[in-house]
Amino acid sequence: MASLRMIDIAVNFTDGMFKGVYHGKNCHLPDIATVLNRAWSAGVDRIIVTGGSLAESREALAIAETDARLFCTVGVHPTRCNEFEESGDPEKHYQDLFSLANEGMQKGKVVAIGECGLDYDRLQFCPVDIQKKYFEKQFELAYATKLPMFLHMRAAAADFCEIVERNKNRFTGGVAHSFTGSALDRDKLLSFDNMYIGVNGCSLKTAENLDVMKGIPVERMMIETDSPYCEIKNTHAGMKFVKSTWPSKKKEKYDQECIVKGRNEPCLVRQVLEVVAGYKGLVDINQLSSTLYHNTCRVFFPQDLDSAADALLSGHHNTN
């Protein structure tokens with residue numbers, strides 16, 4: 001099964017579900033190692049673990065250090081930006097994020113600033129003014145570290161794009177992940193030369209979602225699961241294009257040979273690839289996979305492209 005090479009750019013391994021805890025109830029032992037084995041077998045060869053707060057970013061880095069194929073982000077999710085103010089010293093909070101990002105970069109593990117952005121669907125967690133203030137602040141992190149950005153945009157396209165426009169020269173590149181916006185939102189994002197769009201199960205729910213996705217050039221796309229959320233469900237419009245499936249059992253009947261029903265995981269990024277290929281009418285899924293992999297390396301693992309180019313040049317010289 002693993003002839004394809006994929007990078008899952010968004011996995012929430014800090015979520016309790018990967019510790020076996022669902023809605024406060026312990027259903028099974030932590031199983032990240034088992035989940036990873038399934039992912040590697042499916043053709044995933046790198047995963048970016050999402051950090052959504054200072055504490056979560058620390059945990060994401062610790063998880064990333066457990067395997068050479070794991071990497072992470074450092075940043076504060078829009079719904080959690082109150083933590084800057086609640087810390088009692090927003091500037092120190094920023095400096096702590098900066099220090100953590102630097103530490104993780106030195107370890108070769110932190111590949112982006114994020115998850116940051118704007119989320120106007122969940123203003124009950126953090127008001128607009130605080131979200132905007134600390135979204136803008138995190139461009140300082142990107143500028144100081146020279147890292148790309150891992151971005152979140154939900155029901156906030158106008159303000160999001162205005163802030164990105166103002167700061168477009170302060171970050172090297174980025175991805176608006178878990179995209180569920182309109183065709184207009186898509187085109188606004190694509191107007192930024194250094195912006196890519198991340199697609200997952202939530203991007204493939206409805207016929208309209210699929211049409212919007214079809215308009216994202218494959219050269220500007222990345223794939224993700226955003227697990228344990230955003231799985232492709234049987235009711236989703238994209239499901240008819242899915243070819244790869246895994247046996248599943250309910251969490252109460254946990255079996256490490258099966259995925260947990262209702263919990264997304266990185267092996268299922270292969271299904272996202274299949275839906276993109278199917279709806280776009282792309283016969284060569286290997287070529288699609290290769291293009292998406294290259295996009296991801298260009299933004300988050302540029303040293304790989306340098307190494308590959310060096311190897312090609314070296315091979316070319318050797319034949320002369």
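Heads up: numbering here begins at 1 and tracks the sequence.
Take Phe150 and apply the ring-ring contact (aromatic ring centres under 6.0 Å, His included) test, not counting sequence neighbours, and it matches His177. Scored by the side-chain hydrogen bond (donor to acceptor under 3.5 Å, both in side chains) test, Glu140 finds Lys137 as partners (sequence neighbours excluded). For Arg122, the salt bridge (Lys or Arg N to Asp or Glu O under 4.0 Å) criterion is met by Asp119, not counting sequence neighbours. By the salt bridge (Lys or Arg N to Asp or Glu O under 4.0 Å) test, Glu208 is found to be paired with no residue, residues two or more places apart in sequence or in another chain being considered. In this structure, the ring-ring contact (aromatic ring centres under 6.0 Å, His included) partners of Tyr279, at least two apart in sequence or on a different chain, are Phe241. For Asp159, the side-chain hydrogen bond (donor to acceptor under 3.5 Å, both in side chains) criterion is met by Tyr120, not counting sequence neighbours. Phe192 pairs by the ring-ring contact (aromatic ring centres under 6.0 Å, His included) definition with nothing, not counting sequence neighbours.
Side-chain polar atoms of Asn200 and Ser178 form a donor-acceptor pair below 3.5 angstrom. Counting only N and O atoms by type, the side chains of Asp226 and Asn12 include a donor and acceptor under 3.5 Å apart. If you check the side chains of Ser244 and Glu274, you find a donor sitting under 3.5 Å from an acceptor.
Every pair tested for salt bridge (charged side-chain N to carboxylate O under 4.0 Å, His left out) that includes a residue from residues 284-303 fails, sequence neighbours excluded, so the list is empty. Screening residues 63-78 for salt bridge (charged side-chain N to carboxylate O under 4.0 Å, His left out), with sequence neighbours left out, gives Glu65-Lys107, Asp67-Arg69.
Interatomic distance, SG of Cys116 versus CE of Met153, reported as 13.5 Å (0.5 Å rounding).
A salt bridge links Glu136 with Arg166: the closest approach of a Lys/Arg side-chain nitrogen to an acidic carboxylate oxygen falls below 4.0 angstrom.
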Please list, one pair per line, the donor and acceptor atoms closer than 3.5 Å that link side chains of residues 24-36 to other protein atoms, with sequence neighbours excluded.
| from | atom 1 | to | atom 2 | distance (Å) |
| --- | --- | --- | --- | --- |
| His28 | NE2 | Tyr22 | OH | 2.9 |
| Asp31 | OD1 | Arg263 | NH1 | 3.0 |
| Asp31 | OD2 | Tyr254 | OH | 2.8 |
| Asp31 | OD2 | Arg263 | NH1 | 3.4 |
| Asp31 | OD2 | Arg263 | NH2 | 2.8 |

Cut-off 3.5 Å, no hydrogens considered: what does the side-chain donor-acceptor table look like for residues 44-56, sequence neighbours left out?
| from | atom 1 | to | atom 2 | distance (Å) |
| --- | --- | --- | --- | --- |
| Asp45 | OD1 | Tyr293 | OH | 2.9 |
| Asp45 | OD2 | Arg5 | NE | 3.1 |
| Asp45 | OD2 | Arg5 | NH2 | 3.3 |
| Asp45 | OD2 | Tyr293 | OH | 3.0 |
| Arg46 | NH1 | Asp304 | OD2 | 2.5 |
| Arg46 | NH2 | Tyr293 | OH | 3.0 |
| Arg46 | NH2 | Asp304 | OD2 | 2.5 |
| Ser53 | OG | Glu56 | N | 3.0 |
| Glu56 | OE1 | Gly52 | N | 2.7 |
| Glu56 | OE1 | Arg80 | NH1 | 3.3 |
| Glu56 | OE2 | Thr14 | OG1 | 3.4 |
| Glu56 | OE2 | Arg80 | NH1 | 3.0 |
| Glu56 | OE2 | Arg80 | NH2 | 3.3 |

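Judged by distance alone, the side chain of Arg186 and the main-chain N or O of Met213 form no donor-acceptor pair under 3.5 Å. Although no hydrogens or angles enter the test, the distance criterion places a donor-acceptor pair under 3.5 Å between the side chain of Asp185 and the main chain of Ser182.
When side chains are defined from C-beta on, Asn286 counts as touching Leu4, because their heavy atoms get closer than 4.5 Å.
Here the shortest heavy-atom pairing between Met6 and Leu273 reads SD-CD2, 4.0 Å. Between Met222 and Thr296, the shortest heavy-atom distance links the atoms CG-OG1, 3.6 Å. Looking at every heavy atom in both residues, Cys230 comes nearest to Thr225 through CB-O, 3.5 Å.
Ring planes of Phe135 and Phe139: tilted class, angle from 30 to 60°.
Chaining together hydrophobic side chains whose heavy atoms lie under 4.5 Å apart leaves Tyr143 on its own.
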